[in-house]
Amino acid sequence: MGKDADRLELRSVTDDEFPAFARSVGRNFGGEPSQPRIERLRKLIDIDRAFAVFDGDRIVANSGAYTFDVSLPGGTTRGCAGVTIVGVATDWRRRGLLNRMMRAILDQAREREEPFAALYASEAMIYGRFGFGIAAPHVEIVADTTRCRIERPVGTDDVSLVDVPTAIAAFPAIHEAARRQRAGMMSWTDAWWRTVLEYDPPDDRDGRSPRLLALIPDRGFMTYRWKERFDHMTPNGEVEIQMLVATDPEAESALWEFAFSIDLTTKVSSFMRPPDDALLHLVDNRALVQDRGSEHLYLRLVDLPAALTARAYSADGEVAFTVTDATCPWNAGTWRLAVTDGTATCEKLDGHGDVALDVAELASISLGGVRLDHLVRGRRASVRRAETVRLVDRMFATERAPWNPNEF
Ligand SMILES: CC(C)(COP(=O)(O)OP(=O)(O)OC[C@H]1O[C@@H](n2cnc3c(N)ncnc32)[C@H](O)[C@@H]1OP(=O)(O)O)[C@@H](O)C(=O)NCCC(=O)NCCS
């Protein structure tokens, strides 16, 4: 039989099929998942959101979506499909299977009335065509702690190392409070918390310590590993922060100070931080903290008017966007966004708007993490009048950069 992708069946898997589904996920990323890893994945995903493409009994493509709520400017949250574990068997690539799976995931998100979808992209080139744009640019931070210090320390007396049960009881409320201060942060179920705090197999550690958990009650937490290393009898270890979340500036400073104070280490790094991370100004020597591009959060507006009216805005105004959307055609057309006293309405119009752009670009500006001015200069959006750019950027501006501290 020839390789006709149209004859393949695409559907959600059943519980019985889940282990084969998880093995397909592993194979397409070059690994073989252990039984605990399969069980963990099963707990994180609703079974009807685990999609597979079958060639007879064989799974030749897999994808899925986690059920999240994303935080929005102003402290509201809305449903968000967290697209994940996308893979196609090597012998079935470039035959349209990703196109079909993405269609199924986005149609399902729409049925579930989730205005947003989000993902992290292993290959940045792939997802723009499906309407995903970078909405929360993240940075990787590496600080040389032998030569720079926190300039105005608050002290670390309030920071304690805690065990997993204490963390599971204390961290979620802090995370929830932090979500009200920053857009882009996903809600986590108990299964997610158990994954990020409890699940710690030695083969994930790559020579580093087990995950360590630090808490400032009600105000902040940090999860990290440290790697011991000696060069010519001289300590040269590294502290790798996975998550550092705080609800007030003193707690944030105290957690960084704690990380900087860990003996036998010369570096503190964190892979995914917001570009306006406090650390960049907490230190006495900014030149000794590198911040470079990291994995960014991609967002998609599944239901454009619901997505744009859910957030609070920084300035009143009225602007019409003419939007293209090849994957979700219900979003295409001209939409008037009108904000009065910070509250938005969005309705469809005839004719051309003030700004022309693809839905991916609208997603990029939707949380305030990317400015329209930047997209216009990057030739990804066009405006009829220059003052529209200033108006849109004032309306969409947020106090803090959007950020989601955990890849999914
Ligand atoms: C990336 C991957 C999922 C694509 O699946 P696929 O079924 O081959 O993709 P499709 O044939 O449906 O192609 C969909 C579109 O994406 C494009 N595309 C696919 N892979 C691409 C790549 N690596 N880079 C750029 N564009 C790509 C195709 O050209 C096509 O565009 P078009 O519709 O405009 O013609 C698959 O190659 C894969 O599993 N790779 C290894 C795992 C991986 O990288 N996963 C991505 C996780 S973020």
Side-chain angles (χ1 to χ4, degrees), residues 1-13 20-33 37-38 40-41 44-45 49-56 58-66 68 70 80-109 116-138 140 184 186 271-272 293-300 302 323-329 331-332 357-361 363-364 380 404 406-408:
M1 203 179 301
K3 283 213 175 137
D4 173 10
D6 291 342
R7 72 176 169 79
L8 304 186
E9 184 190 12
L10 162 60
R11 60 171 171 82
S12 318
V13 299
F21 171 81
R23 281 194 292 275
S24 167
V25 173
R27 259 194 315 275
N28 292 327
F29 283 97
E32 178 69 27
R37 209 176 271 273
I38 294 174
R40 180 183 67 119
L41 182 61
L44 294 180
I45 198 159
R49 306 200 91 165
F51 288 102
V53 178
F54 290 85
D55 177 14
R58 179 186 168 211
I59 295 179
V60 297
N62 49 263
S63 59
Y66 299 125
F68 291 135
V70 61
C80 180
V83 180
T84 186
I85 50 175
V86 173
V88 175
T90 313
D91 55 340
W92 277 96
R93 285 182 189 159
R94 306 297 186 272
R95 288 180 169 79
L97 295 185
L98 173 60
N99 271 326
R100 283 179 63 188
M101 292 193 293
M102 196 56 87
R103 169 85 280 130
I105 289 172
L106 294 174
D107 284 346
Q108 187 189 56
F116 296 96
L119 54 79
Y120 287 93
S122 327
E123 283 202 75
M125 294 300 291
I126 302 176
Y127 295 100
R129 82 192 66 242
F130 300 115
F132 288 84
I134 293 174
H138 291 150
E140 177 179 12
M186 302 296 159
F271 179 59
M272 229 163 59
S294 176
E295 295 255 20
H296 307 306
L297 179 73
Y298 285 72
L299 199 67
R300 201 218 199 274
V302 177
V323 180
T324 51
D325 191 337
T327 315
C328 300
N331 287 327
L357 75 188
D358 188 69
V359 73
E361 270 66 62
S364 283
R380 288 177 173 270
N404 183 52
N406 201 39
E407 220 178 330
F408 52 83

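Atoms within each ligand, like the ligands themselves, are counted from 1 in listed order. We're numbering straight along the sequence, starting at 1. The model shown is predicted, which means the values in this text are computed figures rather than measured ones. Side-chain atoms are counted along with the backbone in the values below, which use heavy atoms only and exclude waters and symmetry mates.
Closest to atom 44 (O) of ligand 1, if we only count protein heavy atoms, is E123 OE2, 4.0 Å. Among protein heavy atoms, atom 14 (C) of ligand 1 sits closest to N99 ND2, 3.6 Å. With hydrogens left out, the protein atom closest to atom 8 (O) of ligand 1 is R94 N, 2.6 Å, a heavy atom. The single protein non-hydrogen atom nearest to atom 1 (C) of ligand 1 is I126 CD1, 3.4 Å, given as residue, atom name and distance. Scanning the protein heavy atoms around atom 39 (O) of ligand 1, the nearest turns out to be V88 N, 2.7 Å. Atom 35 (O) of ligand 1 has R129 NH1, 4.6 Å as its closest protein atom, hydrogens excluded (heavy atom only). Closest to atom 3 (C) of ligand 1, if we only count protein heavy atoms, is V86 CG1, 3.7 Å. Shortest contact from atom 47 (C) of ligand 1 to any protein heavy atom: S122 OG, 3.2 Å.
Listed by number with element, the atoms of ligand 1 under 4.0 Å from a non-hydrogen atom of G87 are 39 (O). Near R95, with a cut-off below 4.0 Å to any heavy atom, the atoms of ligand 1 are 11 (O). For ligand 1, the atoms closer than 4.0 angstrom to any heavy atom of L97 are 7 (O), 12 (O). Residue contact check: G96 has heavy atoms under 4.0 Å from atoms 10 (P), 11 (O), 12 (O) of ligand 1.
At a 3.5 angstrom cut-off on N or O pairs, Y127 does not count as close to ligand 1. Residue-to-ligand polar distances keep A121 apart from ligand 1: every N/O pair is separated by 3.5 Å or more. By the 3.5 Å distance cut-off applied to N or O atoms, M125 is not counted among the residues near ligand 1. Of the N or O atoms in F130, none lie within a sub-3.5 Å distance of an N or O in ligand 1. When only interatomic distances are considered, the shortest N/O to N/O separation between W92 and ligand 1 does not fall below 3.5 Å. Remark: ligand 1 and L98 share an N or O pair separated by less than 3.5 Å (distance only, no angle test). Below 3.5 Å of separation, one finds no N or O of Y120 facing any N or O of ligand 1.
Residues L357 and E361 approach most closely at CD1-CB, 3.9 Å, considering heavy atoms. Of all heavy-atom pairs spanning L97 and V60, the tightest one is CD1-CG2, 4.1 Å. The two atoms that bring N28 and N62 nearest to each other are ND2-OD1, 2.7 Å, heavy atoms only. The heavy-atom pair separating G184 from L297 by the smallest distance is O-CD2, 3.7 Å. For A52 against I59, the heavy-atom pair with the smallest separation is CB-CG2, 3.8 Å.
For atom 12 (O) of ligand 1, the protein comes within 4.0 Å by at least one heavy atom.
Contacts between N28 and ligand 1 below 4.0 angstrom, taking non-hydrogen atoms only, involve the backbone exclusively.
Atom CZ of F132 and atom OG of S364 lie 12.0 Å apart (nearest 0.5 Å). Atoms CD1 and CE, from I126 and M102 in turn, are 9.0 Å apart once rounded to the nearest 0.5 Å. Residue R95 holds its CZ atom at 12.0 Å from CG of D6, rounded to the nearest 0.5 Å. The OH atom of Y120 sits 3.5 Å away from the CG atom of N404 when rounded to the nearest 0.5 Å.
A cation-pi geometry, defined here as NZ or CZ lying under 6.0 Å from the six-membered ring centre and within 45° of its normal, does not hold between R300 and F130.
Tested against F51 for a side-chain contact (heavy atoms from CB on, under 4.5 Å), the candidates L10, V13, I85 yield a single pass: L10.
Looking at M101, R27, R93, it is R93 that brings a heavy atom closest to atom 38 (C) of ligand 1.
A salt bridge links R7 with D55: the distance from a Lys NZ or Arg NE/NH1/NH2 to an Asp or Glu carboxylate oxygen falls below 4.0 Å.
More than 12 heavy-atom neighbours from other residues, nucleotides or ligands sit within 6.0 angstrom of CZ on R40.
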